[in-house]
Amino acid sequence: MSQITILGAGAMGSALANAMVRAGWTTHLWGTWLDDHLVDAIEAGQPHPRINVVIDPAVKTFRSSELEQAMAGSQVIVLSIASVGVAKVTEMALPGIAQAEALWLTSKGFLPADDGQIELLPDGIRRIAAAHGVTVPPIVAVGGPVKANECAAEEPTATVFACTDLSVSTKYATTARSRRYAIEASDDEIGVEICAPMKNVYAIMLGIADGLQELRGRPHHNLKAATFAQAVKEMSLLGEAVGARPDTAFRLAGVGDLEVTGLSGRNGTYGTRIGRGEGSRAALATMAAQEQTVEGEPAVGLAVQLVAQRAPQIADQLPLLTAARTIIQDDPANYEEILVDAVLPKAPAN
Ligand SMILES: NC(=O)c1ccc[n+]([C@@H]2O[C@H](COP(=O)([O-])OP(=O)(O)OC[C@H]3O[C@@H](n4cnc5c(N)ncnc54)[C@H](O)[C@@H]3O)[C@@H](O)[C@H]2O)c1
């Protein structure tokens with residue numbers, strides 16, 4: 001039987017643990033030093049506090065001090081860590097990662113290097129490992145419309161596994177699949193890794209349309225749909241500019257994940273608060289006070305830097321990203337006009 005170790009006992013790591021048990025894998029779940037209360041609940045058979053679903057008792061849990069034991073003998077290691085913690089946990093887990101046949105990533109975000117270069121997570125992880133003399137096994141980017149609570153509860157879920165070596169992603173798409181957890185295999189690691197943080201950025205913008213609707217007491221569905229279409233176009237353009245297949249943005253990792261992220265979650269809530277007129281800084285402070293981190297907020301600035309570094313030729317074709325940066329970082333009073341201007345197509349030139 002294959003064995004997997006999932007690093008991070010938060011919402012997604014724990015949800016994936018349930019899916020892997022259903023797929024017949026021996027499943028280890030390691031909690032960071034921030035996860036003791038989550039591991040307590042899992043071990044007590046109580047619903048996981050973040051997703052309100054019981055984690056299968058077949059999942060073997062490990063505390064932060066038991067990282068080595070958690071990873072021993074696993075063919076697959078998974079990073080299911082919030083993007084801020086990815087570099088640190090990667091360094092800690094290098095001995096186990098070096099022994100594994102594959103490293104899966106459910107984490108979403110960019111990784112800024114010390115020299116200011118903005119890297120996609122797989123590149124950043126390979127760089128960190130290389131600095132320690134470690135070669136990372138094939139990386140599988142896990143993407144698509146997967147809300148942790150639904151995945152954990154065995155609601156129908158479609159996901160995509162992407163690895164530059166298609167035989168690797170195909171192998172795991174076959175062996176990790178279960179009745180209601182369907183996996184598409186792709187070779188577009190870059191495309192999935194671009195869509196993952198970018199859809200968080202764009203979900204904030206979808207939320208602004210929702211907030212305007214609340215503020216005005218009138219539907220703003222047309223604006224939201226135009227925002228959605230522009231977001232997908234920009235994910236595709238940016239992906240292609242840095243080496244992705246353009247169609248990945250139109251599939252599960254792009255359209256699919258943007259839809260699910262825009263329907264619920266912290267990025268959308270943040271955008272809704274901005275749209276209601278709370279102001280981007282005040283809204284972020286309110287959410288921070290409620291211990292709600294908004295992954296899309298830091299991703300906006302990093303995405304703008306990534307474009308400047310690696311795709312300056314398309315910067316003017318990304319008006320929604322530019323609008324996101326202005327609204328989120330400058331906190332302007334005319335945020336509505338800025339969003340509208342970014343997504344309504346311009347009159348054709350004569
Ligand atoms: N929740 C979902 O539906 C979902 C779906 C797909 C992907 N993801 C991605 O998976 C990753 C984890 O998300 P989640 O929903 O499980 O979040 P979560 O907040 O429930 O869990 C975050 C995990 O990261 C760890 N962590 C947080 N800050 C850290 C730090 N500074 N140093 C080290 N570790 C730290 C926590 O201990 C925990 O294990 C994110 O990148 C998220 O975008 C989430």
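Below, each value reflects all heavy atoms present in this structure, side chains not excepted, and no hydrogens, waters or symmetry copies. Note that ligands are numbered from 1 as they come in the structure, with each ligand's atoms numbered from 1 the same way.
Under a 4.0 Å criterion applied to the non-hydrogen atoms of W33, ligand 1 contributes the atoms 32 (N), 33 (C). When each atom of ligand 1 is checked for a heavy atom of V84 under 4.0 Å away, the hits are 28 (N), 31 (N). Interface atoms of ligand 1 facing K147, defined by a heavy-atom separation under 4.0 Å, are 3 (O). Within ligand 1, the atoms closer than 4.0 Å to a non-hydrogen atom of A148 are 1 (N), 2 (C), 3 (O), numbered from 1 in the order shown. Of all the atoms in ligand 1, the ones that sit under 4.0 Å from a non-hydrogen atom of A9 are 39 (O). Taking every heavy atom of T32 and a limit of under 4.0 angstrom, the matching atoms of ligand 1 come to 34 (N), 36 (C), 37 (O), 39 (O).
No hydrogens or angles considered: nothing links the side chains of E297 and Y270 as a donor-acceptor pair under 3.5 Å. No donor-acceptor contact under 3.5 angstrom links the side chains of S83 and S107, judged on distance only. A donor-acceptor contact closer than 3.5 angstrom links the side chains of T261 and D257. Looking at S167 and D165, their side chains do bring a donor and an acceptor atom within 3.5 Å of each other. Looking at E150 and T157, their side chains never bring a donor and an acceptor atom within 3.5 Å of each other. Donor-acceptor pairing under 3.5 Å is lacking for the side chains of T164 and E189.
Ionic pairing of R127 and E119 is present here: one or more N-O contacts between side-chain nitrogen and carboxylate oxygen are shorter than 4.0 angstrom. The existence of a salt bridge linking E295 and K199 is excluded, since no basic side-chain nitrogen approaches an acidic carboxylate oxygen closer than 4.0 Å. Salt bridge R245/D187: present, at least one basic N to carboxylate O contact under 4.0 Å.
In this structure, K60 fails the cation-pi test against W25, since its NZ or CZ atom is not both closer than 6.0 Å to the six-membered ring centre and inside 45 degrees of the ring normal.
Nearest protein heavy-atom contact of atom 22 (C) of ligand 1 is A82 N, 3.9 Å. Of all protein heavy atoms, the one closest to atom 4 (C) of ligand 1 is M12 SD, 3.7 Å. Here the protein heavy atom with the shortest distance to atom 17 (O) of ligand 1 is A11 N, 4.4 Å. In terms of protein heavy-atom proximity, atom 32 (N) of ligand 1 is closest to G85 CA, 3.4 Å. The shortest contact between atom 35 (C) of ligand 1 and any protein heavy atom is with L34 CD1, 3.7 Å. Atom 41 (O) of ligand 1 has as its closest protein heavy atom K108 N, 2.9 Å. Given atom 21 (O) of ligand 1, the protein heavy atom at minimum distance is G10 CA, 3.4 Å.
The option with the heavy atom closest to atom 8 (N) of ligand 1, from among T106, L38, D36, I6, is T106. The option with the heavy atom closest to atom 34 (N) of ligand 1, from among L121, I81, T261, is I81.
In terms of modelled atom types and a separation under 3.5 Å, the side chain of N267 and the main chain of A203 share no donor-acceptor contact. Side-chain atoms of T248 do not come within 3.5 Å of backbone N or O of A244 as any donor-acceptor pair.
Each of W104, F161, Y181 was compared with Y172 under the ring pair (Phe, Tyr, Trp, His ring centres under 6.0 Å) criterion, and only W104 meets it.
In terms of polar-atom proximity, D35 is counted as a contact of ligand 1, with an N or O under 3.5 Å from an N or O of the ligand. Note: no N/O pair closer than 3.5 Å links G8 and ligand 1 by distance alone. Residue contacts with ligand 1: V146 is placed with a nitrogen or oxygen under 3.5 Å of a nitrogen or oxygen of the ligand (distance criterion only).
Heavy atoms of R50 approach ligand 1 to within less than 4.0 angstrom. Heavy atoms of S80 come nearer than 4.0 angstrom to ligand 1 in at least one pair.
Contact annotation: for E295 versus ligand 1, heavy atoms closer than 4.0 Å belong to the side chain alone.
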